[in-house]
Amino acid sequence: MEMFWYIVLVFMLCMYVVLDGYDFGAGIVHLLFAKTDVEKSAIRNAIGPFWDANEVWLIASGGVLFFAFPTLYASAFSGFYLPLMLVLWFLIFRAVGLELRGQIHNKLWETFWEKAFGIASLFLAIFFGAALGNVVRGVNLGMVENGVSTQEPHYFFLQLWNPTLDPMSEVHGIIDWFTILLGVVSVITLTIHGGNWIILKTSTSLNDRLKGIIFKLNIALSILVLVTAGLWQYVKPFPLNSLMGHAWLWIFPLIAGIGLVGQFWIKKFKKDGMGFLFSTMFILGSFATTVASLFPNVLPSTNSINPSLTIYNVAAHEYGLSVGLYWFIVAFILVVIYFIIQFRVFKGKLDDVGYH
């Protein structure tokens, strides 16, 4: 049952990254590349019917984590307390920016909330990328100092940064040069993803310009992916060992590679959905590769005193996991029906003034 709920959790996180990821990307495009009110309106219309539903996947992931892996939930939510609070505030600001922007027709009011929406989207992309970097790097479980564990084996707490910004330091911070690099990769990835969603759902003049921007960003992303892969080897030696013994797992980096390479043909695609398909492949392939490389660990330990948290030593009791399966099936069917209806109602392009 631990494996089943682990797959469910990973699936939900993948859905969140893909679906709310294009919302973040659209917000970044809105902030940095949209020039006219028509272009900005088109971007908001492209995500308007979807963004709040997409966030449900994050809430559902937290619920599954709390139910199926309570020890991991307790460890992560205490250890990552500071960045989680920042993420919560940015999520609030993004939502408020979208909802309040049109309440008063005043240029200063509208500009302020537009910036709030864009800046919140940018920082959310950075923090989620940095969060992945922290998991990949590992944490000091038990708060070991001088070879002695000062806390319970599953407990840790991270300050926002340490003075050296060194991921290999004994005292870790949320922000170091490795997690910053992952944050930059996340921003570029989601900007491309959001740009592809805007191309898919709108017909504005912004689309042609976006294709050129995506092409250039994909060059930068390709370089950063290679750099990150090399530095990952330095921060966490032999990171792909888990893939070595299971040849079928190499399908994940293959999918990511196809998605990355496919973006270079963004200007030649005749169907607007092709770009979104390739950016989705890159996100899913990259995330799945990271998960597979860590398995069975869910939160690696950077010390030799306390063991890493795995899906087996953080899971709830077998009986509870079995009972929860029946409720999950019902909930999953309802979610699938909801999303089918939503995407059927809002299929096709959303025009400049918000009508479908």
Side-chain angles (χ1 to χ4, degrees), residues 16-55 58 82-131 160-161 174-175 179-180 182-214 216-217 220-221 279 350-354:
Y16 177 71
V17 173
V18 169
L19 296 179
D20 215 23
Y22 71 66
D23 293 331
F24 297 160
I28 297 170
V29 172
H30 188 285
L31 176 68
L32 300 179
F33 302 115
K35 296 181 179 180
T36 67
D37 289 339
V38 172
E39 293 176 348
K40 293 178 180 179
S41 177
I43 293 172
R44 294 193 299 273
N45 293 334
I47 66 172
F50 306 102
W51 69 267
D52 48 352
N54 294 339
E55 286 190 349
L58 181 62
L82 292 177
L84 284 173
M85 289 300 101
L86 290 173
V87 165
L88 176 61
W89 278 105
F90 285 131
L91 285 171
I92 292 172
F93 255 86
R94 187 181 67 132
V96 169
L98 284 169
E99 296 295 339
L100 291 187
R101 186 255 176 207
Q103 298 302 312
I104 299 176
H105 297 294
N106 175 274
K107 187 64 177 178
L108 181 61
W109 174 272
E110 292 175 346
T111 300
F112 175 81
W113 289 115
E114 286 175 1
K115 296 295 183 184
F117 162 58
I119 292 172
S121 299
L122 176 64
F123 276 96
L124 282 167
I126 292 173
F127 270 95
F128 280 122
L160 279 180
W161 62 80
I174 297 295
I175 299 172
T179 60
I180 290 174
L182 266 292
V184 173
V185 171
S186 174
V187 168
I188 296 176
T189 299
L190 296 184
T191 302
I192 292 173
H193 193 51
N196 282 322
W197 177 258
I198 294 167
I199 293 171
L200 175 63
K201 300 300 289 183
T202 69
S203 303
T204 65
S205 57
L206 174 63
N207 290 4
D208 289 335
R209 196 164 79 251
L210 268 178
K211 292 179 181 179
I213 293 170
I214 289 172
K216 294 176 182 177
L217 287 176
L221 179 60
S279 59
L350 301 170
D351 64 23
D352 298 341
V353 292

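What's counted below: heavy atoms across the whole structure, side chains too, no hydrogens, waters or symmetry copies.
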Which pair of heavy atoms, one from [X] and one from [Y], lies closest together, and at what distance?
{"X": "A42", "Y": "T204", "result": "CB-CG2, 3.3 Å"}
{"X": "W161", "Y": "I175", "result": "CB-O, 3.5 Å"}
{"X": "I198", "Y": "L210", "result": "CG2-CD1, 3.8 Å"}
{"X": "T202", "Y": "A46", "result": "CG2-CB, 3.8 Å"}
{"X": "L217", "Y": "I188", "result": "O-CG2, 3.6 Å"}
{"X": "L124", "Y": "V87", "result": "CD2-O, 3.7 Å"}

Set of ring pair (Phe, Tyr, Trp, His ring centres under 6.0 Å) partners for [X], sequence neighbours left out:
{"X": "F93", "result": "none"}
{"X": "W51", "result": "none"}
{"X": "F117", "result": "H30"}

Quick one: side chain to side chain contact (heavy atoms under 4.5 Å, CB included) partners of [X], sequence neighbours excluded?
{"X": "W89", "answer": "I92"}
{"X": "S186", "answer": "A125, L190"}
{"X": "A34", "answer": "E39, K40, I43"}
{"X": "K216", "answer": "none"}

Worksheet item: What orientation do F90 and F127 show, parallel under 30°, tilted 30 to 60°, or perpendicular over 60°?
Response: tilted
Fill in: Mutual orientation of the aromatic rings belonging to F128 and F24 [parallel < 30°, tilted 30-60°, perpendicular > 60°]
parallel
Worksheet item: How would you list, by chain and number, every residue that makes a salt bridge (Lys or Arg N to Asp or Glu O under 4.0 Å) with R101, sequence neighbours excluded?
Response: E110, E114
Discussion item. My understanding is that only residues two or more places apart in sequence, or in another chain, count here; which of them pass salt bridge (Lys or Arg N to Asp or Glu O under 4.0 Å) with K35?
Written reply: none
Would you call [X] and [Y] a side-chain contact if the rule is heavy atoms closer than 4.5 Å?
{"X": "W197", "Y": "I47", "result": "yes"}
{"X": "F50", "Y": "E55", "result": "no"}
{"X": "Y16", "Y": "L19", "result": "no"}
{"X": "I28", "Y": "V187", "result": "yes"}
{"X": "L86", "Y": "L160", "result": "yes"}

Worksheet entry | V96 backbone acceptor or donor facing W113 side chain under 3.5 Å | no
Between [atom1] on residue [X] and [atom2] on residue [Y], distance to nearest 0.5 Å:
{"X": "I119", "Y": "L31", "atom1": "CD1", "atom2": "CG", "value": "6.0 Å"}
{"X": "I192", "Y": "I213", "atom1": "CD1", "atom2": "CD1", "value": "11.0 Å"}
{"X": "T191", "Y": "I214", "atom1": "OG1", "atom2": "CD1", "value": "9.5 Å"}

Worksheet item: salt bridge (Lys or Arg N to Asp or Glu O under 4.0 Å) between R44 and D37: does it pass, once the steps are laid out?
Response: CA-CA 11 Å; R44 294 193 299 273; D37 289 339; over 6 Å; no
Fill in: Verdict with reasoning, V184 to I126, per side chain to side chain contact (heavy atoms under 4.5 Å, CB included)
CA-CA 6 Å; V184 173; I126 292 173; over 6 Å; no
Worksheet item: Can you list every salt bridge (charged side-chain N to carboxylate O under 4.0 Å, His left out) pair that touches residues 16-34, not counting sequence neighbours?
Response: D20-R94
Worksheet item: What pairs with S279 under side-chain hydrogen bond (donor to acceptor under 3.5 Å, both in side chains), at least two apart in sequence or on another chain?
Response: H193, N196
Worksheet entry | Listed partners of T179 passing side-chain hydrogen bond (donor to acceptor under 3.5 Å, both in side chains), at least two apart | D176
Practice prompt. For F123, look at atom CZ and say whether over 12 heavy atoms of other residues, nucleotides or ligands are found less than 6.0 Å away.
Written response: no
